[in-house]
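Scroll down for the structure; my scribbles are underneath it.
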There are 4 protein chains.
Amino acid sequence: MSDKTTAERHRLPPQVRVQQILDAAFHVFAEKGFVATRIDDIASAAGLSKGGVYNHFSSKEEIFSSMVRYRVEQRPPIEMPDEATQITVDLICETFVAPVYAVFADDDEIRLLRIIMVEAARSSAHPADRLGAYSQPFVEKLQQVVDRGIEQGNLKASAFSRSVGLIVTPALGYMFNRLVGGETSAAAVAAYRAEHIALLREVLTADKE
Amino acid sequence: MSDKTTAERHRLPPQVRVQQILDAAFHVFAEKGFVATRIDDIASAAGLSKGGVYNHFSSKEEIFSSMVRYRVEQRPPIEMPDEATQITVDLICETFVAPVYAVFADDDEIRLLRIIMVEAARSSAHPADRLGAYSQPFVEKLQQVVDRGIEQGNLKASAFSRSVGLIVTPALGYMFNRLVGGETSAAAVAAYRAEHIALLREVLTADKE
Amino acid sequence: MSDKTTAERHRLPPQVRVQQILDAAFHVFAEKGFVATRIDDIASAAGLSKGGVYNHFSSKEEIFSSMVRYRVEQRPPIEMPDEATQITVDLICETFVAPVYAVFADDDEIRLLRIIMVEAARSSAHPADRLGAYSQPFVEKLQQVVDRGIEQGNLKASAFSRSVGLIVTPALGYMFNRLVGGETSAAAVAAYRAEHIALLREVLTADKE
Amino acid sequence: MSDKTTAERHRLPPQVRVQQILDAAFHVFAEKGFVATRIDDIASAAGLSKGGVYNHFSSKEEIFSSMVRYRVEQRPPIEMPDEATQITVDLICETFVAPVYAVFADDDEIRLLRIIMVEAARSSAHPADRLGAYSQPFVEKLQQVVDRGIEQGNLKASAFSRSVGLIVTPALGYMFNRLVGGETSAAAVAAYRAEHIALLREVLTADKE
DNA sequence: AATGAATGAGTTTTCATTCAT
DNA sequence: GATGAATGAAAACTCATTCAT
């Protein structure tokens with residue numbers, strides 16, 4: 001008689017539930033780190049009970065790695081400019097440098113980075129792999145674009161073109177500061193970034209005559 | 001691993017014990033992070049019983065913060081070059097860039113960084129302050145040296161001299177890789193660093209004629 | 001001692017469990033005092049695991065104070081005699097004196113008293129408040145009854161009627177003996193109580209002529 | 001050379017040390033109860049280190065029982081009135097009732113009582129024996145005095161003279177209140193005590209004609 | 001005698017995981 | 001699927017007692 005009355009509360013489609021849990025897990029893991037996070041925290045952040053979480057994941061570890069995968073896969077890939085486009089320093093800044101600053105400006109992303117770094121030390125470095133899976137294509141694309149810029153005569157060969165990773169490393173100064181908990185004013189960041197771009201311009205711009 | 005277990009024991013002067021404990025604590029915290037570290041681990045790594053540790057520190061939290069302070073204060077400060085010395089790119093590389101790579105090459109330092117990050121997320125960023133206490137003087141000294149190099153006519157004004165922090169940021173690429181758990185061959189690091197130095201040379205060396 | 005260990009188990013409704021725990025807690029606290037009581041003792045006396053106890057209470061302190069409240073609230077209030085009833089010394093003995101002896105005859109009550117005393121010394125006297133909440137109405141009712149007895153011409157004004165608390169104080173001699181661990185034969189107690197009643201009769205009975 | 005320089009600090013005669021320790025122990029036990037008291041507390045209250053205490057006592061238990069013995073033996077015995085003295089209610093109040101109120105008014109005595117009561121439950125009731133050793137002679141003396149008063153024609157036979165313990169029981173109301181942590185104004189106590197004495201006067205005074 | 005570092009057993013509390021409902 | 005009670009294995013912290021100095 002009263003068989004399904006209390007049972008069917010909040011029965012959501014599995015995929016929705018899983019996403020809710022992963023979202024909740026991200027925030028909690030980000031705030032507390034892996035060990036300090038309790039399943040209860042994740043559950044209640046997802047509007048669920050502990051047991052409910054275990055209906056979708058079989059362990060804390062699995063929640064964690066699923067969450068990292070989900071988050072990283074979420075990120076939109078860099079779009080390569082058209083073959084015809086003229087590659088200038090400005091274009092590189094917009095396409096490759098700006099997204100990096102945007103990532104580091106995002107509190108959630110910083111937290112995710114922190115977690116990945118710390119958990120890279122624990123367990124067998126799975127989460128870091130995910131990150132490599134994202135950054136490698138980034139560097140490869142950047143290399144292609146820079147090379148094309150040189151062919152087009154817009155850019156000049158330099159340490160930056162030989163080792164394109166260097167192009168974005170100044171942004172890591174910002175990242176580092178964020179990771180370590182430093183407070184920086186928006187103005188300071190903007191100034192720093194302006195110098196970064198000035199540097200790229202100095203070094204990469206082809207001498208036109 | 002446990003090579004001091006049977007060695008020196010019993011009734012050490014407190015200062016010695018405290019240092020032993022802090023050293024042990026560093027390694028254990030570095031390996032496991034704050035939450036996963038058990039006092040027992042620290043104790044046995046210090047060749048002591050759990051209770052013995054509590055004779056010198058009153059909580060895990062206190063051990064942790066003492067350890068961070070101790071570690072950071074431990075680090076030797078950068079030595080400023082003589083007034084008379086000619087400031088060249090090479091000298092800057094040796095005095096300012098090389099130590100940064102050395103720090104990031106050190107597994108212990110990477111672990112300490114990781115710890116500082118998590119704790120920045122946990123408590124209200126205390127350990128990060130310590131870090132700022134170290135890096136600020138570094139940047140100030142670097143600024144002075146670069147300015148002097150320009151006065152001497154050895155260096156050229158550029159984004160690097162206006163924002164000297166940029167000079168070392170490429171090393172953060174290496175740090176990032178290390179933090180994220182990436183394995184890099186010594187050769188790859190050397191190559192990366194060579195490009196870093198090449199960049200500095202390109203941008204900073206004054207045009208002599 | 002452990003006769004419910006294998007009996008009812010698993011998944012009891014919380015209210016039932018809570019009562020079981022409070023009952024168990026009472027006996028253990030009563031026997032050992034607050035500090036010497038281990039949660040394990042309470043748990044196994046309640047036929048539960050340590051962790052199970054923490055599902056219902058968040059600390060030893062909370063178990064303790066809940067238990068005291070529960071115990072004191074448990075006690076049945078004194079029932080006032082009918083308006084019409086003739087108030088005699090005998091009636092007072094039955095209604096007010098006998099229950100006091102009954103309380104002090106109960107080992108559990110003596111233990112509860114002991115606990116309340118220590119805790120009065122420890123924290124800031126909370127459990128004692130509970131006790132006052134019980135004894136105040138008792139005295140007030142006694143006062144009303146005695147006054148009525150005098151109006152009715154059955155009782156005589158005296159120190160006992162002006163300060164009705166005195167009426168029961170001889171029972172405290174018994175209580176004191178019990179608290180202090182003295183062993184007294186049932187006969188001795190009966191004799192003592194008879195003298196107590198004799199005294200009340202001597203002093204309170206109205207001179208009829 | 002510097003052999004006895006730091007050694008001989010505060011070397012006191014043993015009896016003095018022992019008394020200092022027992023005094024300290026009393027206050028600490030009184031405040032915290034047996035289990036919650038730490039040897040360290042006693043030691044530092046006695047101006048000594050833990051090890052120092054163990055030079056005079058071999059265990060916490062021994063300190064406790066020595067302390068109780070010492071305290072109880074300290075108390076001055078009741079002095080019997082001269083054979084020739086007229087025994088009146090006033091004299092009984094002064095000689096037997098007043099000291100009881102004095103004891104219960106003393107915070108230290110209340111604490112000692114509490115300890116004895118609680119510890120009577122723990123271990124094999126040793127401390128309570130000490131108390132009996134004190135109260136028995138008290139009652140015996142009171143009996144003799146009352147009997148003498150009746151012979152002298154000053155006092156009247158009554159429940160009080162048959163069971164002299166009853167004479168002081170009203171004071172236990174005050175004691176009970178104190179034990180249980182109740183706060184009572186000096187005025188309230190005085191009033192209560194006046195009623196107590198009034199009662200004694202009513203019941204014990206011989207009808208003179 | 002005095003000190004206080006060291007020990008280790010004992011206690012509270014936490015939490016991932018299981019499972020009856 | 002969802003719930004939350006139950007479990008049990010940790011882990012932080014305490015403290016009587018010992019003992020080198």
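A, B, ... follow the sequence lines: proteins, then strands. Residue 1 opens every chain.
- When rounded to the nearest whole Å, the span between NZ of K32(A) and P of dA16(E) equals 10 Å.
- For the pair H56(C) and T37(B), nearest-nucleotide mapping onto DNA chain F gives the more 5' position to H56(C).
- Note on R17(C): a side-chain N or O is less than 4.0 Å away from OP1 or OP2 of dA6(F).
- Between the OH atom of Y54(B) and the P atom of dA16(F) there is a distance of 17 Å, rounded to whole Å.
- If you take CD1 of I21(A) and P of dT3(F), they are 10 Å apart, rounded to a whole angstrom.
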Pair R71(D)-D23(D), side chain to side chain contact (heavy atoms under 4.5 Å, CB included): steps then yes or no: CA-CA 9 Å; R71(D) 272 276 150 178; D23(D) 281 340; 4.0 Å; yes
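- Side-chain N or O atoms of Q19(C) include none that pairs as donor or acceptor with a backbone N or O of Q15(C) at under 3.5 Å.
- Between the CD atom of E62(A) and the P atom of dT17(E) there is a distance of 10 Å, given to the nearest Å.
- In this structure dA1(E) sits in no base pair that meets the Watson-Crick or G-U test at under 3.5 Å.
- Residue whose closest nucleotide on DNA chain F sits further toward the 5' end, between S59(B) and K50(C): K50(C).
- Distance CD (Q20(A)) to C1' (dA2(F)): 13 Å, rounded to an integer number of Å.
- Residues R17(D) and Q20(D) bring a donor and an acceptor atom of their side chains to less than 3.5 Å of each other.
- Note: CD1 (I39(A)) to P (dA2(F)) measures 15 Å, nearest angstrom.
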Stepwise side chain to side chain contact (heavy atoms under 4.5 Å, CB included) check, R38(B) with K32(B): CA-CA 9 Å; R38(B) 287 168 301 138; K32(B) 310 197 168 189; 4.1 Å; yes
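- Between Q15(B) atom CD and dG4(E) atom C1' there is a gap of 14 Å when expressed in whole angstrom units.
- Here dT14(F) presents its C1' atom at 11 Å from CG of N55(B), a figure rounded to the nearest Å.
- Ring orientation note: the planes of F29(C) and F34(C) are close to parallel, at an angle under 30° on the 30°/60° scale.
- Taking only side-chain atoms of S49(D), from C-beta outward, the nucleotide of dT3(E), dA6(E), dA20(E) with the closest atom is dT3(E).
- Of all nucleotides listed (dT3(E), dT3(F), dT7(E)), dT7(E) comes nearest to the side chain of L48(B).
- Residue whose closest nucleotide on DNA chain E sits further toward the 5' end, between G51(B) and G51(C): G51(B).
- Remark: dT18(E) base-pairs with dA5(F). Criterion, Watson-Crick or G-U wobble with two distances under 3.5 Å.
- Here R38(A) reaches the OP1 or OP2 of dC15(E): one of its side-chain N or O atoms lies under 4.0 Å away.
- Looking at heavy-atom distances under 4.0 Å, S58(D) makes no contact with the nucleic acid at all.
- The side chain of K60(B) places an N or O atom within less than 4.0 Å of a non-bridging phosphate oxygen (OP1 or OP2) of dA12(F).
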